[in-house]
Structure formats: C-alpha cells, structure tokens
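All remarks here apply to the structure that follows.
No hydrogens, no waters, no symmetry mates; every other heavy atom, side chains included, goes into these values.
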Amino acid sequence: MSSWLDYTINGLIVGNVYALVAVGLALIFGVSRLINFAQGSIYLVGAYIGWGAVVQLHTPLPLTIIMVAAAAALVGLIIERFGLRPLQNSVRIAPLLATIGISFVLDQLVMLTFSPNPRALPSQLPDVRFQVGGGTIGPLDLLIAGVGITSALLLFVFLRYSKLGWAVRAASQDRDAAMQMGVDVNRVNQAVFGIAAALGGVSGMLVGMYYNQIDTAMSLQATLKGVVAEVVGGAGNVPGAVIGSLLLGLVESYGVAVFGTSYRNLFAFLLLVVVLVLRPNGLFASARQAPPEPLTGTFIAPSRPVRIPRWALAAAAAIFAILPLFPVSFYVLQTLINAWLLGMLALSLTLVAGTMGQVSLGHAALLAIGAYTSALLSLTLNVPVGLAVIGGGLMSAALGTLLISPSFRLRGHYVSIATLAIGEIVSLVILNWESVTRGPIGISGIPPLSLFGYDLVSPTSIYWFSLAVMLVLALLQGRLLTSHLGRSFRAIRDDDIAARAYGLSLNRYKSLAFIFGGFAAGVSGGIAAHLYSYINHETFNTQQSILALTVVILGGLGNVVGAILGSVALVGLPEVFRIAAEYRILIYGIVLLLLVRFRPQGLLGTI
C-alpha cells in the first residue's frame with residue numbers, strides 16, 4: 001500500500017513538472033495555433049543555467065529560480081522576435097518547421113558549450129524525507145508542487161485580471177477580431193513566449209535537481225512529454241494542460257510500478273494515441289472548437305517547380321552510374337551510398353507529406369520495421385538477403401500503414417503529433433520486446449548484402465546496388481505521380497473536403513500513399529541493416545525523421561528529383577566540410593531555418 005502511495009506522489013510530482021512545460025505550450029498554441037517544438041530546448045537551457053548558478057555561482061535557491069526564469073524568458077523573446085515573427089504571413093507549415101530548426105540550433109549550442117557529458121545538478125534543499133501515511137515526501141517534492149501550484153495561480157490572475165491577460169485571451173479566441181479591436185498581437189505573442197519560456201526553463205532546472213543529473217539529450221523527451229500532456233488535455237486549453245500533465249504523470253508512474261521503468265515512455269505515447277483516436281481535440285477541448293487547418297494543401301507556398309529535362313536527368317543518372325569506374329575514393333562512394341539510402345527514405349516521405357499532405361514526424365519507424373524484419377528473416381529463417389530486404393519493405397508497408405491508420409481522421413498538427421508518437425512507440429516496442437528484437441543489445445552479425453547468391457561486399461557493388469534500387473523506386477514514384485492515382489493524392493492534399501465531395505475515399509487513398517511510402521522506407525532500412533551488420537532501437541531515431549523532413553523541404557515537397565537532390569546535398573555537404581563535423585546537426589537546423597524563411601518551396605519547388 002505504501003509503495004502505491006509513493007508511486008501516486010511520484011506521479012503527481014512528475015505531472016507538476018510536465019505541467020510547467022505543457023502550460024507554456026498551451027499558451028502558445030492558444031494564441032498562435034502553433035506547436036512549439038523548441039520548448040524542450042528552452043527546458044534544456046534552463047537546466048544548464050540552473051547548473052551554472054548552483055555549481056559555479058553558488059546562488060541561493062530563490063535567486064537561482066529567478067535567474068533561470070529570467071534567462072529562459074529572454075531566450076523565448078528572442079525566438080519569437082527573430083525566429084517566428086518574420087513567418088507570420090508565411091505558409092502554415094513554416095513556423096512549425098522553424099521551431100524544429102530552432103530546437104536543433106539551441107540543443108547543439110548547449111552541447112558545444114557544455115559538452116555532451118552528463119553533469120550533476122545538486123538540490124539546494126535538505127536531503128530528508130517526511131512520512132505521509134504509508135509513503136514519504138521530501139522538500140524538493142514540496143518545492144516542485146509549490147512552484148507548479150503557484151505558477152498556475154499567478155497565470156490565472158494574469159489572464160483573468162490584467163489588461164495584457166485580457167489581450168492574450170482575446171487573441172486566443174479570435175486573433176483577427178482582436179487585431180480589429182486594436183489588440184497589439186505582437187506584444188501578446190511576446191508575453192506568451194516569455195511566460196512559456198520562463199516556465200519551461202524553471203521546469204528543466206527542477207527536473208535536474210530531482211534526478212540530480214542533467215545532460216544535453218533531455219530536450220527531446222521534455223518536448224514530447226509536454227506535447228503529449230497538452231494534446232491529452234486539449235491543445236490551447238491551459239486548465240486542460242494541467243490536468244493532462246497530472247494524468248500523464250500518474251499513468252507513467254503506475255505503469256512503471258506494474259511493468260518496470262523501461263515501459264515509462266510507452267504508456268505516455270499510448271495514452272496520446274488513444275486520446276487522439278477517441279477525442280482528436282483532447283479531453284477538455286470545447287465541442288465548438290474549430291477543426292485544425294491542414295499543414296499543407298492550400299497553404300503550400302505558391303511556386304513554379306523547376307522542370308529538369310529528361311535528357312539531363314538521364315545524363316546525371318549515367319554519370320553517377322559510371323562514377324565507380326573512375327579512380328574515386330572509398331570515402332566518396334560510402335558517402336554517396338548513405339545519400340542513396342537517405343534518398344529512398346526521402347522518396348517515401350515526400351510522397352506522404354508532399355503529395356498527400358500528411359506531414360509525418362515519425363517516419364524513421366518505417367526504417368526500423370524494414371531493418372528489423374529483413375535482419376530477422378535472414379538470421380533466423382535463412383531467407384536470402386535479397387528476398388529479406390523485399391520482405392522488410394512489405395512488412396514496413398503493411399505494419400506501418402496499420403499503425404498509422406488511426407491518424408487518418410486527423411488534420412493539421414495532430415497528424416504530425418500522432419506520427420511522432422507512433423514512431424516513439426515502435427522504438428519502445430523494439431526496446432522492450434527482447435525475445436524477438438533482443439532489446440537494448442540489438443541485432444549483430446546481420447549477413448552482408450547479396451544478390452542471386454553473390455555477396456555484395458565491395459564498395460563498388462554496394463554503391464551500384466543502392467543506386468539501382470533508389471532509381472527504380474524513383475521511376476516508379478514518378479510514374480505514380482503522373483497517373484490518376486497521383487492526381488487523386490494531390491486533390492486530397494489541396495482540398496480534402498472538395499475531394500470527398502467528388503467521391504474520393506480519403507482513408508483509402510491515404511492508406512495507398514503510406515503503403516507505397518512504407519515500402520520504399522522499409523527497403524532502405526533493410527539495406528542499411530545488411531550494410532552495417534548491426535542495428536538497435538536507437539539506430540533509427542526521431543532525429544532521422546527530422547533529417548528526412550529537412551531533405552524533402554530542401555528539395556521541394558512532393559518533388560521526386562528534389563528528394564534525391566536534397567539527400568545528396570544534406571549528406572554530402574557536411575562531409576565536404578569535415579572540419580565542421582561536430583556542427584552537423586547545427587548546420588541542419590540552420591539550413592531548415594533559412595529554407596522556411598527564404599525558400600519554403602525548396603530548391604526545385606513543390607509539385
């Protein structure tokens with residue numbers, strides 16, 4: 001009984017921490033209709049500022065909290081002013097992508113400044129525990145609860161009784177009407193981002209003290225948990241975000257009590273998927289709330305795609321095909337092999353996101369399914385590698401489409417969040433299903449690539465094989481886009497209501513897009529597994545999904561040639577500048593920011 005009380009107290013404490021992140025996200029979404037993926041990075045910044053204040057400056061706790069809140073608020077104001085305000089009149093998807101780019105930049109700057117090694121963040125409170133019923137509670141638990149409750153009360157007073165708070169509420173209810181009534185929306189945005197960032201920064205510091213450790217990888221998990229809590233409660237709903245956070249904390253804590261620590265995150269994302277399926281707008285969203293707008297469709301930047309003559313494409317393919325016949329280094333061939341593998345994933349994503357309008361943030365899960373299927377088929381059932389890779393593609397197409405199908409009824413940001421959650425669920429299932437996937441150990445000794453009984457072990461043969469597979473997939477996708485099916489895909493993307501009125505079955509066509517896309521991604525994952533001979537649950541992570549999205553944005557959404565060009569550019573350029581290898585993710589973030597700011601249609605334009 002006492003242990004259950006401990007788990008309940010722990011769940012409420014953790015829920016309080018999530019609430020500080022989720023309330024900030026809800027405020028921003030309420031005013032800007034934006035999921036701020038940079039909120040976790042501010043949480044990270046707050047943790048490291050807290051470490052500097054406690055360990056280096058030895059500041060007392062109240063001053064530490066004030067310093068962290070002020071510094072984090074300043075970061076939030078900078079993000080709003082220079083990162084997002086210039087995108088106010090841009091396409092709907094631009095600010096979402098910008099927050100992802102900003103999170104890349106902030107995370108890498110923190111890592112380059114403090115190194116990726118974990119650091120201890122000691123609590124400045126006495127290390128004692130008080131007996132409460134059959135459980136215990138410590139001063140830091142009380143502090144976290146107190147900060148959470150005080151923040152909620154201050155926020156309530158601010159929104160209810162201050163003039164600026166009224167402006168925030170007016171802008172969240174009807175932004176255009178508020179502007180017509182003379183509300184300074186820019187000032188409202190600044191206030192909201194400052195408050196959200198202060199809450200996020202303090203949350204990061206408190207979590208660091210709670211676990212007595214911080215590291216540069218804590219940003220993504222904070223973002224994911226905050227987004228889950230916010231969406232469960234109802235996007236843009238501040239009280240809902242608080243309740244959703246407490247619910248999330250309790251579900252995780254009880255899940256850990258029954259199944260173990262490794263299942264903690266799995267319950268969080270399962271809860272999100274269940275809520276999205278049953279109540280897409282969250283548990284406490286108003287029934288009168290307007291449905292979310294699509295991220296692409298009519299919001300795609302107007303542009304004229306660059307038409308490349310077929311003879312030029314054929315010449316480029318021929319040049320790459322004969323490249324190994326010239327004295328090129330193994331390093332160049334290996335770099336291009338990586339580009340071809342990423343190109344297959346980009347082809348998959350540009351079909352789903354660019355042509356169909358379903359922006360996926362969990363596409364690496366399709367890679368993982370293909371890789372594990374191919375590896376297990378060849379290792380345990382002795383299936384020839386060539387057939388195993390095809391089996392990986394088929395399994396990725398079937399299982400990936402089945403998993404993503406609950407999101408077909410969603411629109412806008414909710415599609416991205418659902419795909420992100422499903423990507424995390426796949427990774428966590430791989431981690432915990434040890435009897436099949438070998439858990440955290442991963443699968444090693446995967447047979448090398450082979451075709452018709454001949455092992456492909458030389459860099460040249462692997463290069464030709466990868467290039468040939470990517471070109472076949474590209475030709476098939478190009479043919480698909482010019483067919484009736486491809487035009488139906490674009491019709492649903494451009495206006496799903498009109499497409500449905502003309503008799504198109506949205507779920508059926510979305511399923512077909514994910515089947516084609518899942519096959520290409522699964523084949524890429526299968527080839528990668530046999531190429532590197534080892535995979536584990538972290539081989540294909542969320543960062544891989546974001547990299548693929550950056551590639552398709554760079555090339556041009558829905559553009560087959562653009563996906564390949566983007567892959568070569570984003571794989572090749574960091575290799576050209578090897579001196580900047582440790583800045584690779586920083587470069588990706590900056591590239592993404594520049595693209596959404598100055599050329600949202602990509603290099604070759606959207607098709």
Can you pull out every side chain to side chain donor-acceptor pair (under 3.5 Å) where at least one residue sits in residues 192-210? Sequence neighbours excluded, please. N10-Y210
Quick one: list whatever passes salt bridge (Lys or Arg N to Asp or Glu O under 4.0 Å) with E424, sequence neighbours left out. none
Are N212 and S123 close enough that some pair of their side-chain heavy atoms sits under 4.5 Å apart? no
Start with the C-alpha distance between T401 and S511, add both sets of side-chain angles, then the distance that settles side chain to side chain donor-acceptor pair (under 3.5 Å), and finish with yes or no. CA-CA 6 Å; T401 305; S511 297; over 6 Å; no
Sequence-distant partners of F408, ring pair (Phe, Tyr, Trp, His ring centres under 6.0 Å), two or more places apart: F514
Which of parallel (below 30°), tilted (30 to 60°) and perpendicular (above 60°) describes F29 and Y414? tilted
Please identify each residue that fulfils salt bridge (Lys or Arg N to Asp or Glu O under 4.0 Å) with K225, with sequence neighbours left out. E252
Pairs meeting criterion side chain to side chain donor-acceptor pair (under 3.5 Å) with involvement of residues 67-76, two or more places apart: none
Any P122 side-chain heavy atom under 4.5 Å of M209 side chain: no
Close side-chain approach of L549 to L349, heavy-atom, < 4.5 Å: yes
Taking Q39 for the side chain and G24 for the main chain, is one N or O donor matched with an acceptor at less than 3.5 Å? no
With a 3.5 Å cut-off and sequence neighbours excluded, list the donor-acceptor pairs that the side chains of residues 238-250 form with protein atoms.
residue, atom, partner, partner atom, Å
S245, OG, A19, N, 3.3
S245, OG, A241, O, 2.6

Decide yes or no for I35 and L96: does some side-chain heavy atom of the first lie under 4.5 Å from some side-chain heavy atom of the second? yes
